[in-house]
Amino acid sequence: MAAPKVAVVGAGVIGLSTALCITETCPDCSVTVLSDQFSPNTTSDVAAGMLIPHTYPGTPIHVQKQWFKETFTYLSAISNSTEASEAGIHLVSGWQIFKNMPKEELPFWWDIVLGFRPMSAAELQKFPQHRFGQAFMTLKCDCPPYLLWLEKRLKSAGVQIYIRKVSDLWELHSEYNIVVNCAGIGAHQLVGDKKLFPIRGQVLKVHAPWVKNFIRDGDGLTYIYPGIHRVTLGGTREKENWSLSPDPGTTKDIFDRCCSLEPSLQAAQDIEVKVGLRPSRQCVRLQREVLSQGGVKLLVVHNYGHGAGGFSVHRGAAKEAAHLVGECIAALQGTSSRAKL
C-alpha cells in the first residue's frame, strides 16, 4: 500500500512530541499536524514545564513511572547537548516542602530525579511554616522555546504543519488513514468526552534573575519555578472553571503566597499574567479506537487528558501513542494484503 497518511490534531507539547515520535518509529508514514492554535497560544505555553509528576488516579503507577522516566531521559540528553539553550531545557535544584508529613515519604518518581533526599533541619529553617521537605534536582522546559524546537524538528523530518480547526475527527477520513487526537481540553467538544474537565491555572511570569532554586509547596498550589529568562509563580487549581481571563485578586494572592516562601520576590519586575486550562480526567486517555460510518472505518489513536502533568510525561506518552499508530498501520497493511488476495 502507499505510505500511510497520519494526521495529528493538536499542537501543544503532547501533539508535537507525538508527531515527532511517529516520524521516528514509523519513518514510512506521511505525518501532518493540524491545529487552530500554535505556540505561543497553546495551553502548553502557559505551563511551567517542571518535571515533577502529578498522579493520575486511574492510570497504573508503573505506567506513569515509565512515561516519566522516558521523558526525563529524553530531556536529559537534550540538556547535555549543544541544543539545550535553543530547546529551553535546563537542570534546576530546589525543594518540595510540606506543612504536614506526606502520606508517602518517597514519591514514585524519587529515583528518577537526581539526588533526592530529605531536607536537613538547617535547610528547613528557611521555611518556618513547614516541617518536612524533600531536596532534589530535576529538569525544566521553558515552554515556548521547547515547542518551537519541536516544530523545527518536525519540519526538518518532512512533517506538514497546517493551521486548521478540526470540528469532527470524521471530517479527516477522506484525507488520512489514521488520526491521532492530541486536542487537550479541545477533546471535550471534539470527541464529546464528558470525563474530561478543565482545571484552570493562573500563573505569573516575572523577572527575578537572582532566584535560582525552585520551591514547591507539597499541596501543589504555591510554587516558584525559575526558568532561563523568567520565573513562574503559581498558582491555582480551579476545577471546571473555563475562564481564560486573568483575575486581579488571584494575581495578588499568588504573588503574596510566593513572597511568603521567597521574600526577595517583592523586588520582582515585569509581571506578566497567564491563564491555561489543564485538560484533566481520572486517567490519561491513551488508546486506539475504530470509528465507522456507513461501512467506512477510520482508525484513531487518542492521547490526551494529561492535566497538570503533561510536560512530565509527554515523551513517554508520545512513544506509546506512536506504538499504537504502528499497530494501526500493521492493521491497515494486513487489510490491504487480504484485499489483494
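Position 1 is the first residue of the sequence, and the numbers go up from there.
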Output, in order, the C-alpha distance, side-chain angles, deciding distance and verdict of side chain to side chain contact (heavy atoms under 4.5 Å, CB included) for Tyr56 and His306. CA-CA 8 Å; Tyr56 308 108; His306 303 80; 3.7 Å; yes

For [X], I'd like to know if atom [atom1] has over 12 heavy atoms of other residues, nucleotides or ligands within 6.0 Å.
X      : atom1 : answer
Gln189 : CD    : no
Lys319 : NZ    : no
Ile163 : CD1   : no
Glu175 : CD    : yes
Glu104 : CD    : no

What is the minimum heavy-atom distance between [X] and [Y], and which atoms define it?
X      : Y      : value
Ile329 : Cys29  : CD1-SG, 3.2 Å
Ser243 : Val275 : O-CG1, 3.6 Å
Ala135 : Trp95  : CB-CD1, 3.8 Å
Leu196 : Ile185 : CD2-O, 3.8 Å

Please lay out, stage by stage, how Leu261 and Ile97 fare under the test side chain to side chain contact (heavy atoms under 4.5 Å, CB included). CA-CA 10 Å; Leu261 295 180; Ile97 52 177; 3.8 Å; yes

Any donor-acceptor pair under 3.5 Å linking the side chain of [X] with the backbone of [Y]?
X      : Y      : result
Arg230 : Asp270 : yes
Gln64  : Thr59  : yes
Thr236 : Gln202 : yes
Thr222 : Asp217 : no
Arg257 : Leu221 : yes
Lys140 : Gly88  : no
Ser312 : Met50  : yes
Asp142 : Pro145 : no
Thr55  : Pro57  : no

Worked verdict on Leu299 versus Arg288 for side chain to side chain contact (heavy atoms under 4.5 Å, CB included): CA-CA 7 Å; Leu299 301 181; Arg288 287 170 55 186; 5.5 Å; no

Taking 4.0 angstrom as the limit, do [X] and [Y] come out as a salt bridge?
X      : Y      : answer
Glu262 : Lys126 : yes
Arg153 : Glu86  : no
Lys274 : Asp45  : no

If Ile, Leu, Val, Met, Phe, Trp and Tyr residues are connected whenever their side-chain heavy atoms lie under 4.5 Å apart, and connections chain through other members, are Leu244 and Val46 in the same group? no

Answer with yes or no whether the hydrophobic clustering places Ile228 together with Leu265; edges join I, L, V, M, F, W, Y residues whose side-chain heavy atoms lie under 4.5 Å apart. no

Can you find a side-chain donor-acceptor pair between His323 and Glu327 that sits under 3.5 Å? yes

Residue pairs passing the side chain to side chain donor-acceptor pair (under 3.5 Å) test where at least one lies in residues 108-117, sequence neighbours excluded: Lys65-Asp111, Arg117-Glu123

Just grab all the side chain to side chain donor-acceptor pair (under 3.5 Å) pairs involving residues 76-85, residues at least two apart or on different chains. Glu83-Trp149

Going by side-chain heavy atoms closer than 4.5 Å, which hydrophobic residues are tied to Ile199, directly or by a chain of links? Phe197

Proximity of Phe214 and Phe136 rings by center, below 6.0 Å: yes

Test side chain to side chain contact (heavy atoms under 4.5 Å, CB included) on Val33 and Phe38 and set out the steps. CA-CA 10 Å; Val33 175; Phe38 286 84; 4.3 Å; yes

